[in-house]
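Read the structure below first, then the notes.
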Amino acid sequence: MAEQRAQPIAVDRGFWTVTLVLAVLAVASIVFWILFPISKYLPEAIITARQVDTMFRFMAASGSALYVFIVGYLIYFSIAFRAKATDPPDAIGVQIHDNPKLEFWWTLLPAIFVLLLSVISVRIWYEILLEPENGLVIQAIGHQFYFSFRYPNVNGEITDEMHLPLGEPVTLNLTSADVIHGFWVPAMRLKNDTVPGLVTTIRFTPQLAGRYEIICTQFCGVLHSQMHKQVLVIEDRASFDKWYQGWQQRNAHVSNALPAAPGQAISLQGGDAAAGKTLFAQKCTACHKLAPFDQRLVGPGLQGVLHDPAHPNLVNGKPATPENVAGILQNGFTGSLGTMPNASANGLSSQDIANLVAFLNTLKL
Amino acid sequence: MAVASLAPDAGEVDQLYIETRELRLQGFLFFLISDCVLFSSFIFAYLYMRNSGQGWPPPGVQRLDVAFAAWNSVVLFGSGATMHYALENFKYGHFMRYMWFLLATIVLGVMFLGGQAYEYNHLIFGEHVTWAGSGIFGASFFTLTGMHGFHVFIGVCYLTVLVLQSAAGVYTRGKYFGITAGTLYWHFVDVIWVVLFSIFYLL
Amino acid sequence: MNAAIIERLGAVIAGIVVAVVAFYALYKDWNSTGVENQVFKLMLLLLGIGAILALLAGLNVVGFAPPVKS
Amino acid sequence: MSVAAVHSGGIADHIHPEPQGFIRRYVFSLDHKIIGIQYLVTGFVFFMLSGLLAETIRTQLLNPNGGFVSPETYNEVYSIHGSAMVWLVVIPLLTGGFGNLVFPVQIGARDVAFPWLNMLSFWIFPVSGLMLFSSFLMGAPTAGWMEYPPVSLQGQAGTSMWAAAIFLVGVSSTMTGLNFLVTILKMRAPGMTFTRMPLFVWGQFATAPLLMIATTALAAALAALFINREFGVPFYDPTKGGSPVMWQHMFWFYSHPAVYIMILPAFGIISEVLPTFARKSIFGYKMIAFSSAAIALLGFMVWAHHMFTSGLAPFLQLPFMILTYIIGVPTGIKIFSWTATLWGGKIHYSTAMLFAIGFVALFTLGGITGIFLAAIPFDLHVHGTYFIVGHIHYVLVGGSMMGIFAGMYYWFPKMSGRLLNETLGKWHFWLFFIGFNGTFIPMHWLGMLGMPREVATYDPQFTFWNRFETFASYLMTFAILIFFVNIIWSIRYGKKAGANPWGARTLEWQVPSPPHYYNFKHVPTVYGLPYDFSQPLPYKGLEEELTDSPPAVAAGAH
């Protein structure tokens, strides 16, 4: 190609004019994000929600200022340096390979910004983490496809909405009975997954009364999109207490034992066969008949399961002993017939398992 | 006849072979790296599960007895040493010694596989530890050692092919990348076993 | 004399042999060049370490030995 | 053997005869250019199928209660849409497709290092694609492209098929990465040092190790998922001691680098297109090249930023947040350099250039929202919402797909000998650009206001914007139809291109379109960077390429 080095282009007045315009636009966008009334669209229901919004304002303001400059220059250069009809067809641009000074600054400034951003986000994150630990301790449990709640001194799980008193710190322990769910309250800007076999904790203090959505954000099965619940933050302490005591009375006779976790040691001592019989009618008869082995519903008939010479082994191949039956009740089993849910899915505590095994042991062929 | 083929090439530098060998060597090393990542992922999975939750070994599983595994490991490590000397002897033109070392490697490899089969037999039927039925212990132990055993099996097949090819005179003193690759692979399989032996039996 | 002791004895004796051979080979190869030889050296080193581990396991220094049955 | 010994030249002097017969030439071809075109054709077929799935998703979301398909089908549709777009469209198009097609010529090689392996990698890809789509027949996976257990353990039979298909396509990627890496390391033309490689080659060079290493980790995760589902081995099953969070670690250890697999080659394409049409040297060559390597390296250290809500210990999350911020720096350097490249140019607005500029604008937005998501306090709010959906589409459609379109308009003449129609191309660009922004911008505020992702039905308060998005997405689909019409029309009737229609300066444009089977009659010697338009071309030994003379070295029998 011919030697046709074009003259270097000076940073001219057009450039500075455009820079000025972009600077004005960038400032305008920063002001926009500072003034934008986020809480008008989504209430800030807890104290730290405001911090998250501040974080967002900061990032949105700096991000849009940066974006204004990049896209602004992109458009300006695209127009100013387009090949014109008057240019010869083989005209070339100014061959600038690099500019160490410029490159140094546009590496250093983002690096400094990253440092600043790190400091800000760590600070705000610690404010979220360091919410007070004392206060109301609630456990939220994800199920397919609803959330339920355990309150101190209330037996069993509350499957209605979650109520919280205004201004009192809350420690929310999240776990799941089946698959991973996401526990998200948009108005609180808080979320954590409910993971089976794991307890994760979030803490917050409600600062605004109202009714807010709890939404599942982690795909959990076919009805995931309908997995909603509500949380009601109540300003009036008396009406919260009323609701709380109402549940205490309503659930007074519900068993409060936690389901047996996998791996937890289970004592079969003191199994109550009579209680096991009641429990069997509640929990097992959907899939199992009290009839000989070959009378199936979903699973086999369980009459004489521990005393059947024709079937000395259980479905998992282990000998039919009380301990192994308890193992299946505790851990469940998946085989060709389908899935026998485990204790946490069936809501069986270790005492329940002992009772059931005692009951099954009484059944003779 | 096979010995005759070990005579050096007729003085000429075969540029094409040199460059092709370079490519293959590089490619083979990269293959080993990605295979190593495969093992590392499962090892990570094992260590992660081991450290999350219920303590180790999980309820209902005995710790593994090291006695037989130590012997079996030494068998495999010994095969690494014989393979090393197989390659060395080939490089210096001692064809028959090379063949004997190669055969010894294969025998040791097969012995290791037999030992693994014995170990599996003992675990599954003696102690009722199975792949699917013994929780995360069975899952990680049988998956990792099974994967390794499969690699050893492939290696034994490869070395057998090497024996046949060498007998047919495929490799010469100037061109023996197949043997180098076999040695690399076999060493790799050995070294993976060092790690697996340590994390399953010693840790 | 039960099987476990024979296995351990085998592991110790063979472990010594393999470790010595591996480190001797490493020593002989120390100055070799080329990518594959660097890899070989690394592998021989690990091999020697593995043999020593197996040897220590045979000596009951590391690893687990169940209480002798019967 | 004896032929090779006669002339003691190496691979560069070793020309294989072009195989005759349709099957050997175009089906089971060993030629990297044909394999590249095969990847492109297959990838675009899968792109059309995934696009149909995308429109099913958007049509379902016209109404808050859905109603277009059942929730079960909807879940299957978006899962396969995501999986197919990632593994069957973007990754194969950018690595197998453009990578194969262009970079061996750009480094002055006659072929990739292992042509047979290359052919094998390609043929695994359509097979695994068919497997993935066939999972619809047995009940497709429903848990999204991430398939988190335990819900994926409950999934239908097709979930195992999904795992097998992705495993296979992963094997194909791994082999491609290995092949490319060896090719770039060992087969560059004389004088083609690392700092003289075109930036597209740098993109592939940074991508190849990611393909090779990260994909293997995914293979392990998928194998474990398959084993867990089919044989009940409890890797991920929490009721038997397994850990569902472990899947997330293994999956994201692959899938975060995968994000860079999907964008680094596109960066490379943009870095080729911008200087060519601005008639100007790329600004800051070294910084762009090295920042690719830096991004690839950092990409391995940030996977847990996808797991801020999964219950990790806070002190473990902190480094992942800060490292993710740091990735913004090399990415920013690239964006600034591209913008500066336009300064003082003589910009010609071909469609490829429009897509390249559009890429910079859209990808920057995706990058900025990526920094938002790295901030843990904000991520705790928007994780798992439509904000993420918006972000990922800005990066992967506004980024990778725009890069792919730019590459198609740029290199189509090289593969076919004909130019794509520019009028249709400009319609394609503008409709796509408008439709794209209309589809994905509202997702950001929808997510912030409370719309979770992967939902078949949604809160009626979001109806307006969802309808808006759906109609915009129809516009985008229409634009893509124009693109396909353009390709089919131009293969037949397009303007003849000649060797170098764009006046570009990298090596692939100095040989005929399409190039010979053996790429170069003589392998050229390289003297410098290709990008300075004021200098003569930095190659020697190319004089005969555009003449009719036969290659100097007789075809060797082999």
Side-chain angles (χ1 to χ4, degrees), chain B residues 9-20 22-56 58-61 130-144 146-147 172 175, chain D residues 1 3-14 112-114 117 171 174-175 177-183 185-187 208-209 211-221 223-224 227-228 230-243 245-247 249-250 253-254 556 558:
Chain B
D9 287 335
E12 190 147 358
V13 181
D14 187 343
Q15 188 64 25
L16 182 68
Y17 176 77
I18 292 174
E19 287 181 19
T20 313
E22 214 35 13
L23 293 184
R24 289 183 184 162
L25 178 66
Q26 195 83 55
F28 198 80
L29 288 175
F30 284 148
F31 158 71
L32 291 184
I33 288 175
S34 68
D35 209 9
C36 189
V37 175
L38 188 67
F39 275 102
S40 312
S41 305
F42 276 106
I43 290 171
F44 162 80
Y46 161 70
L47 294 175
Y48 186 91
M49 292 195 289
R50 189 175 158 142
N51 288 314
S52 63
Q54 333 154 1
W56 195 264
V61 180
T130 57
W131 194 26
S134 302
I136 53 182
F137 177 82
S140 39
F141 177 79
F142 285 103
T143 308
L144 267 169
M147 226 166 76
T172 64
K175 297 177 181 174
Chain D
M1 279 295 156
V3 175
V6 170
H7 56 86
S8 63
I11 293 167
D13 292 329
H14 190 75
V112 291
F114 308 109
L117 196 65
V171 170
T174 311
M175 295 194 298
L178 189 154
N179 209 342
F180 284 10
L181 197 56
V182 176
T183 311
L185 284 176
K186 295 280 171 191
M187 294 181 69
L211 280 173
M212 206 181 77
I213 291 170
T215 315
T216 326
L218 177 73
I227 293 169
N228 195 339
E230 294 301 312
F231 306 111
V233 178
F235 280 104
Y236 304 123
D237 187 349
T239 60
K240 294 179 189 165
S243 165
V245 178
M246 186 178 77
W247 162 269
H249 279 292
M250 290 167 85
F253 183 76
Y254 161 76
H558 209 46

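Please read these numbers as outputs of a predicted model, since none were measured by experiment. Naming convention: chains lettered A, B, ... in sequence-line order (proteins, then strands); numbering from 1 in each chain.
For D:Ile227, the part lying near chain B is the side chain, with the backbone staying farther off; criterion is any non-hydrogen pair under 4.5 Å. Heavy atoms closer than 4.5 Å to chain D are found in both the backbone and the side chain of B:Leu38. D:Met175 does not touch chain B: none of its heavy atoms, backbone or side chain, sits under 4.5 Å away. Proximity to chain D involves both the backbone and the side chain of B:Phe30, based on heavy atoms less than 4.5 angstrom apart. Neither the backbone nor the side chain of B:Phe39 comes within less than 4.5 Å of any heavy atom of chain D. B:Ser34 touches chain D through backbone and side chain together, each having a heavy atom under 4.5 Å away.
Ranked by non-hydrogen atom pairs under 4.5 Å with chain B, the options D:Pro209, D:Ala220, D:Gly177 are led by D:Ala220. When the candidates D:Phe253, D:Phe235, D:Phe231 are compared by the number of heavy-atom contacts under 4.5 Å with chain B, D:Phe235 comes out ahead.
Remark: the backbone N or O of D:Phe114 is paired with a side-chain donor or acceptor of D:Asn179 at under 3.5 angstrom.
To the nearest 0.5 Å, the span separating CG on D:Leu178 from CG on B:Leu29 amounts to 10.0 Å. Atom CE of B:Met147 and atom CZ of B:Phe142 lie 15.5 Å apart (nearest 0.5 Å). Note that CG of D:Leu117 and OG1 of D:Thr174 are 10.5 Å apart. Values are rounded to the nearest 0.5 Å.
Between B:Phe137 and B:Phe141, the two ring planes are parallel [angle under 30°; tilted spans 30° to 60°].
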Quick one, B:Ile136 with B:Tyr46, criterion side chain to side chain contact (heavy atoms under 4.5 Å, CB included). Give me CA distance, side-chain angles, the key distance, then yes/no. CA-CA 8 Å; B:Ile136 53 182; B:Tyr46 161 70; over 6 Å; no
